[in-house]
Amino acid sequence: MAFTLYSLIQTAILCINAIAVLHEERFLIGFGVDQGVGGFGDDPGVKAQVLTLIRSVRTVMRVPLIIVNSACIVLLLLFG
Amino acid sequence: MDYTPTQSGFRQRKLQPNMRLRNSSVDGVEGSQLFEDMSGAAHGLQTGNQQAGPQPAGFSGQSILSDPMSNLAMAYGSSLASQGREMVDKNLDRFIPISKLKYYFAVDTMYVGKKLGLLVFPYMHENWEVSYQQDTPVAPRFDVNAPDLYIPAMGFITYVLVAGLALGTQNRFSPELLGVQASSALVWLIMEVLAVLLSLYLVTVNTDLTTIDLLAFSGYKYVGMIVGVVAGLLFGRPAYYLSLLWCCAAIFFFMIRTLRLKLLSEAAAEGRLVRGTRNQLRMYLTMSIAAAQPIFMYWLTYHLIR
């Protein structure tokens, strides 16, 4: 109940790490993968949007995640 | 004396806002001028930037008042300060859109009173559309339906204070708890806004709701929470539950009526049943956003009343 901003940052880092570590082929098979279909209608649908979101988060956040994770590791080692 | 130019400069600064107040109240419906411009006339002192460098150090023994070099030094310093301020403003505007934020704080007493009444009793209000003026929304001062950030900001601060008061009446208060309450409520607010943004993206709604609009709508529930907690403090638990129930229903109705116009398509917003999964999804989205408000209202206040 007593959330702090620090826990929000922790949650965000953990969630983005989870998205970055996801193995597309294994876990998204049961999700209705439309990897080949572009879906260029005016209604992409929720599943296509989720896949697009996951792919774009992975592409954009790869390098910043490396930096943020390294900083977290160093800080946690130093300060517990 | 050399004080007279600066004195008249100060007097000029005091006179100008009065003149501009009268101007803006006469043609105040233009909408392009949100606030009266109170910035002083300090831009006229841009004289002799180069000469003021090495020379004021040599004259430091003399009196500062009657020295033209110190005037030049003051002019140079003020021009440096204004340049620095321009640079800070320009860089800050890239991260936080300050000009857009100003729109949300352009309120007056009548608007605040009407909006608070609308938040507590929205059942008699008929016209929920935001009026536009040449493609830009009208400032909240002129339209009750426009979202603003003044009420949410004040409501948040008042909620933290009222929470401190409630904890104090139960002898559970300590100054750190104020910070804990504030950060906790802020985190829930941020998570709610992020969840709404995510769901708006997933359902591919073409809407002109900005992030700040969503922040404003999510902040309106603090009014109901404050009413509930104050009623609970004054009259006990039954009053808390009754007033919270009333405010939850009011906020639910308010959110549905407001979001219906923004999220749903034109036909569905008028009340006609439109088939199709897209409209169904949008209806579910509106319902769930509106239903999340009473849940948060209860979640953030139940531990304050015992």
Side-chain angles (χ1 to χ4, degrees), chain A residues 1-22 24 27-65 67-69 71-72 75-76 79, chain B residues 156 159-160 163-164 166-167 172-207 225 265 274-285 288 295-306:
Chain A
M1 175 56 211
F3 280 132
T4 56
L5 284 175
Y6 178 64
S7 65
L8 188 67
I9 297 177
Q10 269 184 328
T11 313
I13 292 180
L14 285 175
C15 281
I16 300 183
N17 272 329
I19 297 181
V21 175
L22 191 67
E24 278 175 348
F27 290 101
L28 295 184
I29 285 181
F31 198 62
V33 173
D34 293 322
Q35 293 228 3
V37 180
F40 285 121
D42 56 356
D43 188 9
V46 180
K47 281 188 188 167
Q49 287 288 100
V50 170
L51 286 173
T52 313
L53 184 67
I54 290 179
R55 197 162 299 140
S56 52
V57 165
R58 289 165 64 112
T59 318
V60 168
M61 295 302 278
R62 198 147 266 177
V63 173
L65 260 188
I67 301 173
V68 168
N69 280 334
C72 276
L75 284 174
L76 283 174
F79 299 117
Chain B
F156 180 74
Y159 161 74
V160 174
L167 289 173
R172 282 193 291 156
F173 180 76
S174 76
E176 297 93 36
L177 274 183
L178 276 182
V180 166
Q181 288 287 327
S183 62
S184 170
L186 195 66
V187 163
W188 280 116
L189 187 71
I190 292 175
M191 287 212 294
E192 182 187 349
V193 171
L194 284 179
V196 171
L197 274 176
L198 181 71
S199 48
L200 278 180
Y201 171 77
L202 288 182
V203 179
T204 61
V205 170
N206 284 330
T207 176
M225 292 202 289
S265 60
V274 181
R275 299 285 166 171
T277 47
R278 237 177 130 204
N279 284 317
Q280 228 180 10
L281 265 181
R282 288 183 179 184
M283 181 61 82
Y284 283 149
L285 179 68
S288 47
I295 297 178
F296 277 118
M297 283 170 71
Y298 180 68
W299 181 260
L300 285 172
T301 51
Y302 79 98
H303 62 285
L304 296 175
I305 305 283
R306 290 225 182 137

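Every chain is numbered from 1 and lettered A, B, ... according to where its sequence line falls, protein lines coming before strand lines.
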So, the part of A:Leu8 with a heavy atom under 4.5 Å from chain B: the answer is side chain
Of all pairs that satisfy salt bridge (Lys or Arg N to Asp or Glu O under 4.0 Å), the ones with a partner from residues 176-196 of chain B, not counting sequence neighbours: B:Glu192-B:Lys221
Would one find more than 12 heavy atoms of other residues, nucleotides or ligands at under 6.0 Å from atom OH of B:Tyr201? yes
Go through the atoms of B:Leu194 and report whether side chain, backbone, both or neither lie under 4.5 Å from a heavy atom of chain A. neither
What pair of heavy atoms forms the shortest contact from A:Thr4 to B:Val187, and how long is it? O-CG2, 3.4 Å
